[in-house]
Amino acid sequence: MKRRVAILISGRGSNMAALIKAAAAEDFPAEIAVVISNRADAAGLEKAGKAGVRTVVVESKPFGKHRAGFEVALQAVLDEHRIELICLAGFMRLFTADFVQRWHGKMLNIHPSLLPSFPGLDPHGQALRAGVKISGATVHFVIPATDAGPILMQGAVSVSDHDSADTLSERILEVEHRIYPDALRLLASGQVRLEGDICKTVASAAAGNFLISPVVGE
Ligand code: GAR
């Protein structure tokens, strides 16, 4: 039985599209049962609709700072669609600790940095200002703290002196589209386990694989 997944978005939904595409494969262990946006104008809604996935808008704005009120409305949609796992994909709204606890071990997020470095806003700018030579993307379980929680998968890219936040974000986005479906595959097929703050997986790290940046010429 495929696990029933909801993808939560707030914007363009390119990670959502990558998850939908991957889940279309017959052997994928999860199905995207619904895409939920907290904004009616999210561009991803149209993409999901075109891909034949059900979409629901639960506007967060009317709830203002009353986050629990929004979550009651959201939980009702999740219940209606018998959702087992949640993927946050550019979902820009914070949850209460209660909601996060309710979905403990069942809710993933993707963030465009190698966490725990550069959580929060403008991670690409943060990476450039720190002068790191390697950055990337992280898929992690959601905990009450923002952009933190047990790390399921990461992918890295080199950072060049010529990078702007835009070029870096473009390169990292490619990695995001690769690792989010892979991470969901692992979770949905029961191949990960949480040991406190650490996520362990039966998939192994690539052996003998280096990413060195910058590369020194001969
Ligand atoms: C992605 O880069 C995602 O990693 C980031 O928002 C973008 C959404 O793009 N998420 C965060 O920064 C979470 N803190 P998308 O709508 O095209 O997937």
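First listed ligand is number 1; within each ligand, the first listed atom is number 1. Predicted, not measured: the structure shown is a model, and the values here were computed from it.
For the pair Leu85 and Ile83, the minimum side-chain heavy-atom distance is 4.5 Å or more. Using a 4.5 Å heavy-atom cutoff, the side chains of Val77 and Val56 are in contact. Looking only at side-chain heavy atoms (C-beta outward), Pro29 and Arg185 come within less than 4.5 Å of each other. When side chains are defined from C-beta on, Leu74 counts as touching Phe99, because their heavy atoms get closer than 4.5 Å.
Proximity annotation for atom 4 (O) of ligand 1: of Met92, Glu176, Lys47, His124, Glu176 comes nearest, heavy atoms only.
Applying the 4.0 Å criterion to heavy atoms of Gly13 picks out, from ligand 1, the atoms 15 (P), 16 (O), 17 (O). In the vicinity of Asp147, heavy-atom distances shorter than 4.0 Å reach the ligand 1 atoms 13 (C), 14 (N).
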Using residues 13-26 as the side-chain source, report each donor-acceptor pair under 3.5 Å to any protein atom, sequence neighbours left out, with the distance given to one decimal.
from	atom 1	to	atom 2	distance (Å)
Ser14	OG	His177	NE2	2.8
Asn15	ND2	Glu176	OE1	2.9

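Put simply, part of Ile110 is less than 4.0 Å from ligand 1, judged by heavy atoms. Between Pro112 and ligand 1 there is a heavy-atom distance shorter than 4.0 Å.
Annotation: Met16 places no N or O atom under 3.5 Å from an N or O atom of ligand 1; distance criterion only. In terms of N/O distances under 3.5 Å, ligand 1 is approached by Asn15.
Below 30°, between 30° and 60°, or above 60°: for Phe91 and Phe95 the angle between ring planes is below 30°, a parallel geometry.
Between Arg67 and Asp98 there is no salt bridge, since no side-chain N of the basic residue sits under 4.0 Å from a carboxylate O of the acidic one.
In terms of protein heavy-atom proximity, atom 9 (O) of ligand 1 is nearest to Arg12 NH2, 3.2 Å. Atom 8 (C) of ligand 1 has Gly90 CA, 3.6 Å as its closest protein atom, hydrogens excluded (heavy atom only).
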